[in-house]
Amino acid sequence: MSEEAAFLSAIRERPGEDTVRLVYADWLDERGDPRGAFLRLHTVLLATAPDHVQRGAAESELSRLRLQCSREWLGAVEFEREHLHAEPPVRPGCRCFIGLFPSEVKKGIPPPELHAEPQDTECGAWKRLCELVERAADDGRAEFAPLGELQPGDREHIVTLPPTIAKLKRVRRLHLYGSHLVRIPPEIGEMDSLEEFDPYTSYRLHWFPYEITRCKNLRTSRVSTRALYGNHKYSPPFPRLTPGAFAGRVEPRELPLACAAPTVRACSVCAEPFEDRRAHRVWITLRVATDDLPLLVNACSEECVRALPKPQSGYTNRPHRGGTSRQQQQG
Ligand SMILES: [Zn+2]
Ligand SMILES: [Zn+2]
């Protein structure tokens, strides 16, 4: 087995371990191979929650580095996007709630992790989506159904929406039916005219940003509730929000970016900018439009956490950090 094949097989055998990935990255660097930089940033992103303030910038940088890597090689190191590296590509799956039905929750199965799949911002599908957002912002349309306007096979590549959705000030109805989205950016809260939100059958969309509560005109929603954390039907547990940790790894406070990205964000609650230290992140379930939605709050302070509204009745009765079972969350 060649030295390189040995590295790849070690990564496959121990996907949760960073050491072998970083040793391999050094080995690539020493040979002037640009894949070393990709592997290093990719390893950092595995430890970075999807709601991290620098995540978008890091994903853009990773996407640029990815351009220099072969699909076969990516298939061996990018486990979270393996469906895209399959030949032919397959629809992405979701195993978050497997083994977590009420009868099984008590057995101490660990809670799911937030989907951490990075968005490829260099692929054609993403570029077309960004163009559609710009066009919709320009023509001031009231109805926006971007996924239906993409080309066949594009949908699998889209896991989030661009932050430029903040420009869609006149969109009243947002249709995302049957998407493979895993997260919605907080900028959705700036879509002032939004009245109707329809991500129905987006089975990998388990949570929403608290900022969606800023859409004061939002009246109608159609969400596949069985796919939501803490939903009434199956009560699947919420991912644990541990300060300074993600997916069993140490979460970096600042990411090693080629272009510096701001570490300041707007508080989900008071909207004031603050230096994000990942300390006041909580879950809360609230009625939004016509659904009870699990919302992720990135607050600036405990004061702002205390200022949150009372959770929808029937759910955990205070803001919480998730965990193994509903009982613990209610603790
Ligand atoms: Zn999932
Ligand atoms: Zn605040």
Side-chain angles (χ1 to χ4, degrees), residues 15 46 49-51 53 78-84 90-101 104-105 109-119 155-160 176 178-184 186 189-190 199-214 223-231 233-241 243 246-248 262-286 293-309 319 321-324:
L46 290 177
D51 61 305
V53 67
E78 264 197 318
F79 309 108
E80 70 288 352
R81 300 177 81 233
E82 62 182 351
H83 59 280
L84 294 175
V90 295
R91 287 168 69 92
C94 162
R95 301 179 55 80
C96 295
F97 296 166
I98 289 177
L100 294 174
F101 289 97
E104 298 172 295
V105 161
I109 293 161
E113 294 287 357
L114 295 164
H115 277 275
E117 197 178 319
Q119 175 62 53
R155 208 174 266 226
E156 283 76 3
H157 292 264
I158 302 298
V159 297
T160 186
L176 300 166
S179 80
H180 302 308
L181 295 172
V182 297
R183 58 186 192 264
I184 302 269
E190 295 173 53
Y200 199 56
T201 72
S202 298
Y203 293 120
R204 303 201 306 163
L205 205 46
H206 309 314
W207 62 277
F208 296 87
Y210 181 77
E211 285 80 352
I212 197 172
T213 61
R214 297 209 185 125
V223 175
S224 291
T225 48
R226 276 182 293 179
L228 301 178
Y229 295 136
N231 71 70
K233 195 153 173 84
Y234 301 122
S235 301
F238 288 72
R240 199 188 300 281
L241 302 175
F246 177 65
T263 53
V264 168
R265 78 190 308 152
C267 171
S268 298
V269 185
C270 71
E272 288 298 319
F274 70 103
E275 179 75 27
D276 188 13
R277 293 175 190 278
R278 322 283 293 141
H280 311 285
R281 296 160 72 219
V282 290
W283 292 111
I284 185 169
T285 299
L286 293 175
L293 301 185
L295 306 171
L296 179 53
V297 180
N298 269 290
C300 68
S301 59
E302 279 310 304
E303 267 178 324
C304 274
V305 171
R306 279 195 295 273
L308 286 166
R321 290 185 186 272
T324 310

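All ligand and atom numbering here is 1-based and tracks the order in the structure. One-based numbering along the sequence shown.
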Is it true that, when you exclude Tyr200 itself, more than 12 heavy atoms of the residues, nucleotides or ligands shown sit nearer than 6.0 Å to its OH? no
Name all pairs fulfilling the salt bridge (charged side-chain N to carboxylate O under 4.0 Å, His left out) condition that reach into residues 200-212, sequence neighbours left out, sorted by first residue then second. Glu117-Arg204
So, using ring-ring contact (aromatic ring centres under 6.0 Å, His included) as the criterion, who are the partners of Phe208 when residues are at least two apart? Phe197
Spell out, as yes or no, whether a donor-acceptor pair under 3.5 Å connects the side chain of Arg214 to the backbone of Ser268. yes
I'd like to verify the contacts: list protein N, O or S atoms under a distance of 2.8 Å from the Zn ion (ligand 2). Cys267 SG, Cys270 SG, Cys300 SG, Cys304 SG
Donor-acceptor under 3.5 Å (Thr263 side chain, Glu275 main chain): no
Angle between ring planes, Phe238 versus Trp283, binned at 30° and 60°: parallel, tilted or perpendicular? tilted
Any side-chain donor near an acceptor of the partner, Asn298 and Asp276, under 3.5 Å: no
Quick one: does any side-chain atom of Ser202 pair with a main-chain N or O of Leu176 as donor and acceptor, under 3.5 Å? yes
Quick one: how many protein N/O/S atoms are under 2.8 Å away from the Zn ion (ligand 1)? 4
Of the non-hydrogen atoms in Leu46 and Glu80, which two are nearest, and what is the gap between them? CD2-OE1, 3.9 Å
